[in-house]
Every structure is written in C-alpha cells, then in structure tokens.
Amino acid sequence: LLIDVTRIDSLRRVEEGDDQILFGAVLTHAEFEDGDLPDPMNGMMRTVASGIAYRAVRNKGTLGGSLTHADPAADWLTALIAADATVHVHAAAGERTIPLSKFVLGAFTTVLAEDELVEAIAVPRLSAAGAWGCHKLCRKAGDFAEAIGAVVVDPERRFSRVVIGALDGSPVLLETVAEALASGGAEAGLACVDSAIAAALPEAPPVSRQLHAVAVRRAIQQAYGA
C-alpha cells in the first residue's frame, strides 16, 4: 500500500510557544520559502528553504523528510543543527525528543527505529539581538553543496554555534569558533576558522578544508553584517 501521510493533521501542525515553534514534519520547503509559516530564526528558515534545489523540489520536499533522509549535503540538516533544533519522534510505544545534533549518526543514517516516525521539529526562537549566517558552495544553483557553513549567535540566550556540513558524514560543530564569537565577536571567530577546520577535518584534502573554511567565514560575515 502507498500511504500519503501529508494529509495527517498532526504532521502539518504549527505550534507557537514563547521560546520555540513546533513544525509538523510534512510542511514543505516552499511553505517556508513563501513566508506562509512563522520563522523563529529571524529569517533564516525562509532563506535556507529558498536555496534548496529547485522550485519543483521545494513544492513537494518536506522538512521532516529532508532531516530523516539525512543527506550530508542537505541544507536543513546543517542549518537546524546550528539553530539547536530538536526532533519529535512518535512510535506505538510512546514519544521521544532527540536533539538534531544527535539524531543523525552518519550519511543517510539516523537513530530512528523501524517503528518510529518523525512527527515534528522544534526550532528555538532567536531573540531580537540574535543573528545567523548560512553559506553554501556548489557548482551551480540548485546543485548539491560541496561545503556548508552555518552560524547562529544570540547574546541574550548566551548561545553561539558554528556548524560545517556537506561532509562524508554528519555535520560537525566547530566549538572553538563558536566560543571565539561569543567572547570576541566576528574578528575573533574569523581568526580561528582555519585552525578549527584543520582540527575538525584532519584527513580531508586541502581543497575541501579550504571550501569549508570559506563557507564558515562567509557565514560569520553574514551573521555580523561584515
């Protein structure tokens, strides 16, 4: 049997809270792109959605589907790990909530059991002072990314996170860069990007490390308006 789960109301819900918004798993990229849904990240979700593949894909592709597919080059995966999103999973035995950073085990591999279904994704709200940057490098528009850098900083929440994606496996957090941004701002963060990339990707070819370093630097510059 072929079952269309996109008509299930609980998978299409949007629940707004004071500190986060819960999005049903089958909401499409196009709905985020078009501004039909609220954006707790001060515009980041709309921007990320608009850069996914092509409009035909965005009309049908879903937020939960993208995260569950766990393609290392997927835009949502890197961006929402940077946002500290969590995944709400449903099964006959009950429900559980998993940080997105722990949801993906590797390329196309997640912690989901055979009887589990991603029901929703919770995305924290950025404060008015919060900022973000997302930059990906690909050969042409709509192509799979060769490097992705995502940055989210929110002084009011004392939150800072830097993530690189489009790797051979799961996205990687650059904690030293995030700490530098939190303590010293853009200049301090930019100064340690190269060393952080080298430490995170010691076996990667030099060209790959350079591409990821460029993606992260541009994401930082975007977040800080530089």
Side-chain angles (χ1 to χ4, degrees), residues 41 44-45 47-48 51-52 66-67 69-87 98-111 123-124 126 129-139 143-226:
M41 296 298 295
M44 185 184 84
M45 295 190 72
T47 300
V48 171
I52 295 173
S66 176
L67 297 178
H69 186 50
D71 187 330
D75 301 59
W76 281 131
L77 185 59
T78 300
L80 292 185
I81 286 178
D84 199 23
T86 55
V87 180
I98 309 164
L100 183 56
S101 58
K102 299 184 182 299
F103 177 74
V104 177
L105 298 177
F108 307 102
T109 307
T110 72
V111 299
V123 182
L126 272 184
W132 58 270
C134 287
H135 192 85
K136 67 176 179 177
L137 299 172
C138 46
R139 291 184 181 274
D143 205 354
F144 287 104
E146 296 186 43
I148 305 176
V151 175
V152 175
V153 288
D154 195 340
E156 290 188 15
R157 292 170 48 214
R158 296 184 179 180
F159 180 83
S160 178
R161 182 169 284 188
V162 180
V163 183
I164 52 174
L167 303 167
D168 291 336
S170 306
V172 172
L173 275 65
L174 299 182
E175 295 181 355
T176 56
V177 181
E179 292 169 0
L181 291 175
S183 61
E187 185 175 349
L190 289 168
C192 64
V193 167
D194 288 338
S195 59
I197 294 289
L201 308 175
E203 298 181 4
V207 64
S208 178
R209 292 200 298 268
Q210 175 65 9
L211 287 173
H212 283 89
V214 169
V216 171
R217 283 196 291 267
R218 291 181 181 175
I220 292 172
Q221 291 165 346
Q222 181 183 9
Y224 285 86

- Could you go through the side-chain contact (heavy atoms from CB on, under 4.5 Å) check for Arg157 and Leu126 one step at a time? CA-CA 8 Å; Arg157 292 170 48 214; Leu126 272 184; 3.9 Å; yes
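- A pairwise comparison of heavy atoms in His135 and Leu137 identifies NE2-CD2, 3.5 Å as the closest pair.
- If you run side chain to side chain contact (heavy atoms under 4.5 Å, CB included) between Ser160 and each of Val151, Leu181, Val177, only Leu181 comes through.
- Under the 4.5 Å side-chain criterion, counting only non-hydrogen atoms from C-beta, Val153 is not in contact with Phe159.
- The two residues Asp143 and Arg139 come nearest to each other via the heavy atoms OD2-CB, 4.0 Å.
- Judged by distance alone, the side chain of Arg161 and the main-chain N or O of Leu173 form no donor-acceptor pair under 3.5 Å.
- Going from atom CG of Asp154 over to atom CE of Met41 covers 8.0 Å, rounded to the nearest 0.5 Å.
- The line from CD1 of Ile148 to CG of Leu211 is 12.0 Å long, rounded to the nearest 0.5 Å.
- Taking both residues in full, the closest heavy atoms of Ala74 and Ser66 are given as CB-OG, 3.9 Å, listed atom of the first, atom of the second, then distance.
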- Item | Audit row: Ile197, Leu174, side-chain contact (heavy atoms from CB on, under 4.5 Å) steps and yes/no | CA-CA 8 Å; Ile197 294 289; Leu174 299 182; 3.7 Å; yes
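- Between Phe103 atom CZ and Thr109 atom OG1 the span is 11.0 Å, to the nearest 0.5 Å.
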- Message: Between Trp76 and Met45, is the side-chain contact (heavy atoms from CB on, under 4.5 Å) condition met? List the steps.
- Response: CA-CA 8 Å; Trp76 281 131; Met45 295 190 72; 3.9 Å; yes
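- Atom-to-atom distance recorded for Leu167:CG and His212:NE2 is 4.0 Å, nearest 0.5 angstrom.
- Considering every non-hydrogen atom in both Ala219 and Gly149, the closest pair reads CB-O, 3.6 Å.
- Rounded to the nearest 0.5 angstrom, Ser170 OG and Ile164 CD1 are separated by 11.5 Å.
- To the nearest 0.5 Å, atoms OG1 (Thr110) and CG (Leu67) are separated by 10.0 Å.
- Under the 4.0 Å criterion applied to side-chain N and carboxylate O atoms, Asp194 and Arg217 are assigned as salt-bridge partners.
- Taking each heavy atom of Val123 and Ala85 in turn, the nearest pair found is CG2-CB, 4.3 Å.
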- Task: In sequence, state the C-alpha distance, the side-chain angles, and the governing distance for Val152 and Met44, and then conclude on side-chain contact (heavy atoms from CB on, under 4.5 Å).
- Result: CA-CA 10 Å; Val152 175; Met44 185 184 84; 4.2 Å; yes
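- Of all heavy-atom pairs between Ala223 and Gly133, the closest is CB-N, 3.8 Å.
- Residues Val111 and Leu105 meet the side-chain proximity criterion, which asks for heavy atoms closer than 4.5 Å.
- More than 12 heavy atoms of other residues, nucleotides or ligands sit less than 6.0 Å from atom CZ of Phe108.
- Checked by atom type and distance alone, the side chain of Lys136 never pairs as donor or acceptor with a backbone atom of Ala166 at under 3.5 Å.
- By the 4.5 Å heavy-atom criterion applied to side chains, Thr176 and Val162 are not counted as neighbours.
- At distances below 3.5 Å, not a single donor-acceptor pair connects side-chain atoms of Glu156 with backbone N or O atoms of Gly130.
- The main-chain N or O of Cys192 is found under 3.5 Å from a side-chain atom of Ser195 such that the two form a donor-acceptor pair.
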